[in-house]
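I have placed the structure first, in the form of structure tokens, so that the comments after it can refer back to it.
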Amino acid sequence: MEKESLFFTNHFSISLKHHLVLYYIFLIIAPFLLVILLSVSIMYRYTCRIYGDYLVTNLKSTQEQLNTAYNQYRDLSMTLYHNNTVDILAKKRITDEDWEQIRLEMSNICNANSKMASMQIDVQGTMVHAGTSNVSIVDYVNSHREEIVAEKGRVIWLPQSTYSPYPFGTYKYVIARSLNSKGKENIGIMYMTVDKSIFDDAFGAITMDGAVTYILHPSGTVLYSSDSSRLNQDFHIEGMAFTEKTGYFTKKIQGENCLVAYAKSYKTEWIQLVIVPVNTFFSNFQPVRVSIFILACIYVVLIFLMIVLMNRHIIRPILSLTRAMDRFAEGELQISEAETYKTREINSLFIHFNSMTKKVHELIMDNRRVEREKNNFEMQVLISQMNPHFIYNSLNTVKWLAVINKQSTIQNVTDSLIYILMQITNKKDSLHRIADEKKLLEHYVVIQKTRFMNFDMHYNVEPDTENLLIRKFLLQSIVENAIIHGFSRGKVNGGRIELKSYRKEGRLHVDISDNGKGFDISEWEQREEAADMQHTNVGIKNIRQIIKLEYGEPFGLFMESEPGKGTCAHFILPVMEMGAAADDTDDNN
């Protein structure tokens with residue numbers, strides 16, 4: 001469970017560099033962009049509110065002007081009652097002089113108002129007019145006669161407001177009322193046409209770029225618009241009913257976000273409307289927008305520069321130190337890093353790391369030196385317990401007795417034993433050449449073949465390896481294991497042991513293989529140390545430990561074996577030449 005947890009921790013871990021980038025994104029850049037967006041949103045709402053209030057105020061002023069115009073034309077139409085024109089029209093028989101007087105009064109009314117284009121009276125099947133006349137207006141008014149009469153003498157603006165474009169001049173609007181006698185009976189229809197300029201003047205205070213003004217009839221018909229192409233068309237804004245007297249809102253119209261301000265006339269129920277694209281507001285804020293953009297760019301550049309500097313002076317040194325620590329953990333004990341960083345704390349870390357690796361290396365070297373001295377001391381104590389010269393003299397006596405008695409086997413065994421003991425008691429050095437190790441094995445095999453006689457030893461030592469140095473008796477234990485365990489102490493016949501040495505990739509390789517009974521590697525690896533110190537498991541593990549202490553990674557002893565298929569012991573050792581053994585050994589330590 002612990003290994004699984006460690007795996008997931010390493011799998012999902014994030015580097016310091018990525019941590020810092022994420023912190024900058026989420027704690028600096030993202031809040032900055034959010035502040036910019038909020039500021040723009042607040043400015044957008046504030047601007048819409050300011051302009052909305054401004055437009056509503058102007059629409060109220062426009063409404064007052066139009067109400068004033070409405071009252072003015074209402075009062076003008078009442079002039080017909082005040083100058084007795086209605087009384088004349090109420091006669092059963094109207095003379096030519098009466099008609100002339102009526103025309104004169106109508107002309108005076110038209111001349112008194114520069115915005116009035118014409119005035120007509122339709123009474124008793126006779127049409128009297130003053131100013132510009134148009135046949136289409138007569139037909140138009142007749143189509144609304146019932147509507148006009150139903151108002152019982154009140155002035156109304158006809159819903160279809162405009163008529164008479166070019167060549168008759170600008171657009172005109174129609175005001176009509178029913179003329180009633182003193183008995184409240186309808187005696188005729190009076191209507192006036194007024195110029196579009198009265199609305200242009202009323203909306204004159206609204207001079208915003210892109211603004212389009214409207215006057216809508218309650219039915220939705222466009223009575224007036226600064227965009228003449230919209231006149232007399234139906235106009236509706238989806239989802240808005242204009243229930244309030246005044247107000248404003250933002251709405252997307254024809255794909256463009258617009259500010260819509262409106263005001264309803266309390267006299268005519270007309271809706272005065274102004275539509276302004278929101279983008280036109282912000283055109284006045286262009287310098288502010290440019291300034292914000294420049295500041296944002298500078299801010300982003302400074303953040304990027306900060307990330308680059310942090311990467312150079314903090315992240316990169318820490319990553320370098322991390323890689324050095326990994327290499328140190330893998331066994332590269334003499335590693336050191338340059339102490340050239342400007343950041344005092346980072347430089348201090350490198351100084352302490354270099355000091356630590358140096359001290360650890362020195363401690364390991366001291367420990368190995370103490371271990372070697374201890375081993376040498378123990379060996380010397382063992383050897384000192386027996387006088388070597390006494391042993392040599394005794395064995396020489398046995399040898400010459402064998403010569404005298406013509407016992408060549410005893411002679412050979414004795415010679416081999418003397419050679420081996422001489423090598424054991426040689427205190428000068430623990431290393432000798434591969435050729436010397438081969439000779440030592442040859443003598444050892446002579447003794448063992450005398451005992452068991454069931455195997456042969458073969459040597460394949462490449463010439464370029466003969467003078468390379470190797471630890472004394474390093475290979476003897478492997479050959480002994482092959483004889484004792486691989487060939488079951490003489491019980492297995494036809495045994496073959498081969499020694500092979502060669503160079504590869506700058507290292508010394510030594511293989512000792514046999515065709516013995518083999519063993520299970522996995523079972524052997526798990527076997528506990530036995531009381532018998534000559535047991536195979538103990539001997540091989542001791543050799544591994546010696547190589548590890550002497551040379552370190554990646555050198556060692558590697559075993560290959562299968563039951564019934566023999567065994568191969570593969571040594572990987574450093575290449576040590578004669579005369580440089582001490583230096584090479586220290587370097588590998």
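Sequence positions, counted from 1, serve as the residue numbers for this chain.
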Could you tell me whether [X] atom [atom1] has more than 12 heavy atoms of other residues or ligands within 6.0 Å of it?
X      : atom1 : answer
Met306 : CE    : no
Arg45  : CZ    : no
Phe558 : CZ    : yes
Met310 : CE    : yes
Tyr502 : OH    : yes

Does any part of the side chain of [Y], heavy atoms only, come nearer than 4.5 Å to the side chain of [X], both counted from C-beta?
X      : Y      : result
Glu498 : Arg496 : yes
Val212 : Val274 : no
Glu437 : Ile470 : yes
Ile484 : Phe452 : yes
Asn467 : Glu577 : no
Phe555 : Lys548 : no

Any side-chain donor-acceptor pair under 3.5 Å between Asp520 and Ser522?
-> yes

Looking just at side-chain N and O atoms, do His509 and Arg503 make a donor-acceptor pair shorter than 3.5 Å?
-> no

Stepwise side-chain contact (heavy atoms from CB on, under 4.5 Å) check, Asn460 with Leu499 = CA-CA 6 Å; Asn460 184 11; Leu499 168 67; over 6 Å; no

For the pair Thr450 (side chain) and Val446 (backbone), establish whether a donor and an acceptor sit closer than 3.5 Å, ignoring hydrogens and angles.
-> yes

Taking Asp436 as the fixed residue, which of Lys439, Arg433, Lys438, His432 is the one that meets the side-chain hydrogen bond (donor to acceptor under 3.5 Å, both in side chains) rule?
-> Arg433

Would a line drawn from the ring center of Tyr262 to the ring center of Tyr248 be shorter than 6.0 Å?
-> no

When rounded to the nearest 0.5 angstrom, what is the spacing between CG in Leu309 and CZ in Phe304?
-> 10.0 Å

